[in-house]
Each structure stands twice: as structure tokens, then as C-alpha cells.
Amino acid sequence: KDAIGVSWDGYVYNQLTATGKRQHYILGLEKREMYKDLLGKDYATGEIYSYTSTIERAINSNLAHQQGLYEGYSQTSLTNEQQKRAFPPG
């Protein structure tokens, strides 16, 4: 346990915790409310740009944030343009 009594058993160094995911999700919800006049109701490619490093924790933080920002939106498949960007160039 750490100084405030939280147990980190089962977590790998540099991994986003469930608490961190929830915090980013809530931040996304708050940003959605803050920018509701600027954002469309549904996610639209090109409406916003979101960047992150290649560190898994950062990617998961970004994903959780975007899920809050576009809560309730789901897309079953990637567009051709999204498929081109889905993996970093090799």
C-alpha cells in the first residue's frame, strides 16, 4: 500500500489504473458540457484532433477522455481513412 493506503498489487509500472481511466472519462464528460456548442452531437472525423505519445498509459488516457467526450457514440467499423491511421507506419 502507498502513503494513502491504496494497494497497487496487480498493476504494472507505467500502466493506467482503473481510477485514472475513470478520471479521464469524467474529464471528457466535463469538456463535452463545456464545448457542447462547438462539438457536433455525434463524433465526426476531422472535428477534433487528439494526439498522444506511444506510451500505453497515455494512449489509454486519451481513449478514456474521448469516450467521455463522445459518450454514447459507437461505430462498429473503421472508415478507410481511419484504417490507414490505425497503425503507426512500419
Is it the case that more than 12 heavy atoms not belonging to Glu47 sit under 6.0 Å from its CD atom? yes
In sequence, state the C-alpha distance, the side-chain angles, and the governing distance for Ile48 and Gln66, and then conclude on side-chain contact (heavy atoms from CB on, under 4.5 Å). CA-CA 10 Å; Ile48 64 167; Gln66 299 307 318; 3.2 Å; yes
Gly68 versus Leu29, closest heavy-atom pair with distance: O-CD2, 3.4 Å
As an exercise, state the distance from [atom1] of [X] to [atom2] of [Y], rounded to the nearest 0.5 Å.
X	Y	atom1	atom2	result
Asn62	Ile55	CG	CD1	13.0 Å
Met34	Leu27	CE	CG	9.5 Å
Glu30	His65	CD	NE2	9.0 Å
Tyr25	Leu69	OH	CG	11.0 Å

If you apply the rule side-chain contact (heavy atoms from CB on, under 4.5 Å), what do you find for Ile59 with Glu56, and how did you get there? CA-CA 5 Å; Ile59 293 168; Glu56 183 180 359; 5.5 Å; no
Which is it for Gln67 and Lys21 under the side-chain contact (heavy atoms from CB on, under 4.5 Å) test, yes or no, and what are the steps along the way? CA-CA 10 Å; Gln67 287 172 330; Lys21 289 177 189 176; over 6 Å; no
Would Tyr70 and Leu39 satisfy side-chain contact (heavy atoms from CB on, under 4.5 Å), going step by step from the backbone distance to the final call? CA-CA 9 Å; Tyr70 288 100; Leu39 296 171; 3.5 Å; yes
